[in-house]
Amino acid sequence: MTEILTRTESPATTSPATPLADGATPQRVPITGRVFRTRRFSVRIDPRAITVCLSLALATVAIGLWSISVGDFSIPISDVVATLLGNPTADSEFIVGTLRLPRVLVGAGVGAALGMSGAIFQSLVRNPLGSPDIIGFTSGAALGAVMVIVYLGGTSLQVSMGAVAGGLISALVVYLLAWKRGVQAYRLVLVGIGAGFAITATIDYMITRADIVDVQRAAVWMTGSLNGRGWDEVRIVTVALVVLGPLAVLMQRNLDRLDLGDDTAAALGIDVGRAKLSLVLVGVSLASLGVAAAGPIAFIAFVSGPIARRLVNSPRACIVPAAFVGALVTATADLAARRVMAPTELPVGIMTALIGAPYLLWLLTRQSRTGAL
């Protein structure tokens, strides 16, 4: 499940290395699953990964149905299911189809996009801190959106386009600044963290100079919120998952070989520079489209990859399981944000911060004690 299509140039008997710090000796571990080969391609089926993904999908559906059913106007889950199957009641048609279903779909889709993006970058830089929300890429997307809100008073579509453009430009700047006869993982992380602080300062400055109405709109969006999300945002997330999701899965092969180290990957026939650039573009695009739909929801990309690896028990970048983890975490956080202080609804970004901040502190504490992540 974590590697869908790979060419059969060399039948692998071991998996790529466990992500380690630069210069460390990679540890090779046995792969699991069954490999089915054709003349040009092979497909490796990992029963545990499939079981994990199905379980996460069922949990996400259950949380989604629960989230649709509760609110100021409660709807029995049986009526929710009937409405989704095309047999709505007079009350449920508008509430489910217009208000709550798009919100749940956007939340799950954004979580999946951020989860895949986080898994890509954390494996690419071989560092759990290499998440797009830590190294400044989602901040760049937020900067693009805030510029459209403050200076153009743009529509939702224009804000989304600004977020995508801001994410891609910030990734390009970080990539170029980190380039020194190639891109080293630690340089990308350090440059990205510094760029993130600079971008955040720029956003704060723009907000202090903006009109109060635009400030309120930008402040809610910057927190990361699913409130008021409709079918336009569902279409944005659908583009991210349908177009970029398969590309990310197909790039799993290159990502696994890059885990072995740049020299080893080059010896296996990988164009290291081109492979890294392609992975960066796909990962940034996924994160930017997620931010475009719901704002910079904190820590989803950061926690999804590590959780997926532990569930699948794999040292590799679990891109598909990370997508399901991100969808479940976001859907659960949004349900909690709606009900913890009901009838007041909190932005979902506040709840995800409560989840991700303790994990970040634990990770930094572990680094200070062991000297390695």
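Nothing here was measured: the structure is a model prediction, and the numbers come from that model. Quick note: numbers below take in every heavy atom, side chains included, and nothing from hydrogens, waters or symmetry partners.
The environment of D72 atom CG is sparse: at most 12 non-hydrogen atoms of other residues, nucleotides or ligands sit within 6.0 angstrom.
A chain of hydrophobic side-chain contacts below 4.5 Å, direct or via other Ile, Leu, Val, Met, Phe, Trp or Tyr residues, connects I135 to L281. Hydrophobic clustering keeps L58 apart from V81 (ILVMFWY residues linked when any side-chain heavy atoms are closer than 4.5 Å, directly or through intermediates). One hydrophobic cluster, built from ILVMFWY side chains closer than 4.5 Å, holds both L247 and L277. At a threshold of 4.5 Å between side-chain heavy atoms, the hydrophobic network of Ile, Leu, Val, Met, Phe, Trp and Tyr places L188 and I169 in one connected group. Hydrophobic clustering of Ile, Leu, Val, Met, Phe, Trp and Tyr side chains at less than 4.5 Å, counting indirect connections, keeps I350 apart from L335.
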task = Go through the steps for S304 and I300 under the test side-chain contact (heavy atoms from CB on, under 4.5 Å), then give the verdict.
result = CA-CA 6 Å; S304 296; I300 295 296; 3.9 Å; yes
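At distances below 3.5 Å, not a single donor-acceptor pair connects side-chain atoms of Q252 with backbone N or O atoms of V249. Under a 3.5 Å cut-off, the side chain of S160 and the backbone N or O of A292 do form a donor-acceptor pair. Looking at S225, its side chain never comes within 3.5 Å of a backbone N or O of P347 through a donor-acceptor pair. The main-chain N or O of A119 is never found under 3.5 Å from a side-chain atom of S123 such that the two would form a donor-acceptor pair. Using a distance-only test at 3.5 Å, with no hydrogens or angles considered, a donor-acceptor pair links the side chain of Q122 to the main chain of F302. The backbone N or O of A298 sits less than 3.5 Å from a side-chain atom of T352, completing a donor-acceptor pair. T208 places a side-chain N or O within 3.5 Å of a backbone atom of Y205 that can act as its donor or acceptor partner. Formation of a donor-acceptor pair under 3.5 Å by the R257 side chain with backbone atoms of A265 is not found in this model.
Contact annotation: the side chain of D232 approaches that of R235 to within less than 4.5 Å [non-hydrogen atoms, C-beta and beyond]. Put simply, the side chain of L289 reaches to within 4.5 Å of the side chain of V164, judged on heavy atoms. Inter-residue side-chain proximity for R339 and S67 is flagged as unmet; no heavy-atom pair is nearer than 4.5 Å. Considering only heavy atoms from C-beta on, P132 stays 4.5 Å or farther from V284 through its side chain. Between I270 and R253 there is a side-chain heavy-atom pair separated by less than 4.5 Å. With a 4.5 Å cut-off on side-chain heavy atoms, L260 and L268 count as touching. Using a 4.5 Å heavy-atom threshold, the side chains of I319 and L255 count as touching. A 4.5 Å side-chain heavy-atom check between R48 and P321 finds every atom pair outside the cut-off.
For the atom pair NZ (K276) and OH (Y175), the distance works out to 7.0 Å, reported to the nearest 0.5 Å. Annotation: the span from I68 atom CD1 to S92 atom OG amounts to 11.0 Å, rounded to 0.5 Å. Atom CZ in F197 sits 13.5 Å away from atom OG1 in T202 (nearest 0.5 Å). Remark: L226 CG to R100 CZ distance equals 14.5 Å, nearest 0.5 Å.
For S131, the side chain to side chain donor-acceptor pair (under 3.5 Å) criterion is met by D133, not counting sequence neighbours. Residues satisfying the side chain to side chain contact (heavy atoms under 4.5 Å, CB included) test with I307, not counting sequence neighbours, are V303, L311, V325. The side chain to side chain contact (heavy atoms under 4.5 Å, CB included) check on M251 picks up S278, L279, V282, with sequence neighbours excluded. Residues that satisfy the salt bridge (charged side-chain N to carboxylate O under 4.0 Å, His left out) test with R310, not counting sequence neighbours, are absent from this structure. Applying the side chain to side chain contact (heavy atoms under 4.5 Å, CB included) test to Y151 and every residue at least two apart in sequence or in another chain returns M147, M206. Taking L105 as the reference, L101, W231, V234 meet the side chain to side chain contact (heavy atoms under 4.5 Å, CB included) condition, with sequence neighbours excluded.
Contacts classified as ring pair (Phe, Tyr, Trp, His ring centres under 6.0 Å) and involving residues 105-135 (residues at least two apart or in different chains) are given here: F121-F137. For residues 66-108, no residue pair satisfies the ring pair (Phe, Tyr, Trp, His ring centres under 6.0 Å) rule, not counting sequence neighbours. The stretch residues 246-277 participates, sequence neighbours left out, in no ring pair (Phe, Tyr, Trp, His ring centres under 6.0 Å) pair at all.
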Could you list the donor-acceptor pairs under 3.5 angstrom formed by side chains in residues 139-146, with sequence neighbours left out?
none

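The hydrophobic cluster containing L346 also includes V340, M341, M351, L354, under a criterion of side-chain heavy atoms closer than 4.5 Å among ILVMFWY residues, counted directly or through chains of members. Annotation for V242: hydrophobic cluster partners, listed by chain and number, are none (ILVMFWY side-chain heavy atoms under 4.5 Å, direct or chained).
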